[in-house]
Amino acid sequence: MLQTIEGIYKNGKIELAETPEGISESRVFVTFLETKPTHWSEIIMQYQGVAETIIFESYRDELLSPNEVEF
């Protein structure tokens with residue numbers, strides 16, 4: 001039976017988040033996942049958006065609801 005248990009590799013050891021059930025000894029495969037940043041990059045934080053080139057509000061009455069769109 002295969003089981004997947006989350007863990008953390010730290011200081012040369014793997015710390016499991018829980019104890020696997022029914023397994024006292026087994027072969028394992030360890031896959032190291034890409035570490036995600038813990039904060040937004042400075043470029044994202046400074047992004048101010050883009051000025052709208054089309055004023056959509058003026059087309060509000062012409063828009064169809066999603067149920068009325070023809071394919």
Side-chain angles (χ1 to χ4, degrees):
M1 174 172 73
L2 295 175
Q3 288 188 41
T4 301
I5 297 177
E6 185 177 352
I8 296 176
Y9 174 80
K10 185 177 183 180
N11 299 324
K13 297 181 181 178
I14 296 173
E15 300 174 7
L16 298 178
E18 59 186 272
T19 303
E21 291 183 25
I23 298 177
S24 59
E25 183 177 322
S26 177
R27 293 177 49 216
V28 297
F29 292 98
V30 177
T31 303
F32 290 90
L33 303 175
E34 186 176 327
T35 304
K36 296 180 182 177
T38 57
H39 62 278
W40 292 103
S41 78
E42 197 59 35
I43 293 172
I44 293 172
M45 295 304 291
Q46 292 177 0
Y47 182 70
Q48 297 294 316
V50 195
E52 293 283 340
T53 55
I54 299 174
I55 301 172
F56 290 101
E57 191 65 29
S58 63
Y59 297 100
R60 177 180 293 275
D61 295 332
E62 298 175 31
L63 296 175
L64 298 175
S65 70
N67 297 341
E68 297 175 11
V69 175
E70 296 178 15
F71 294 99

Asker: Where is the tightest heavy-atom contact between Gln3 and Glu21, given as atom of each residue plus distance?
Answerer: NE2-O, 2.7 Å
Asker: Can you list everything that forms a side-chain contact (heavy atoms from CB on, under 4.5 Å) with Leu33? Sequence neighbours excluded, please.
Answerer: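 side-chain contact (heavy atoms from CB on, under 4.5 Å) check on Leu33 returns Thr31.
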Asker: Give a yes or no on whether Leu16 and Val30 share a hydrophobic cluster (residues Ile, Leu, Val, Met, Phe, Trp, Tyr; joining criterion: side-chain heavy atoms under 4.5 Å apart).
Answerer: yes
Asker: For the OG1 atom of Thr4 and the CZ atom of Phe29, what is their distance to the nearest 0.5 Å?
Answerer: 12.0 Å
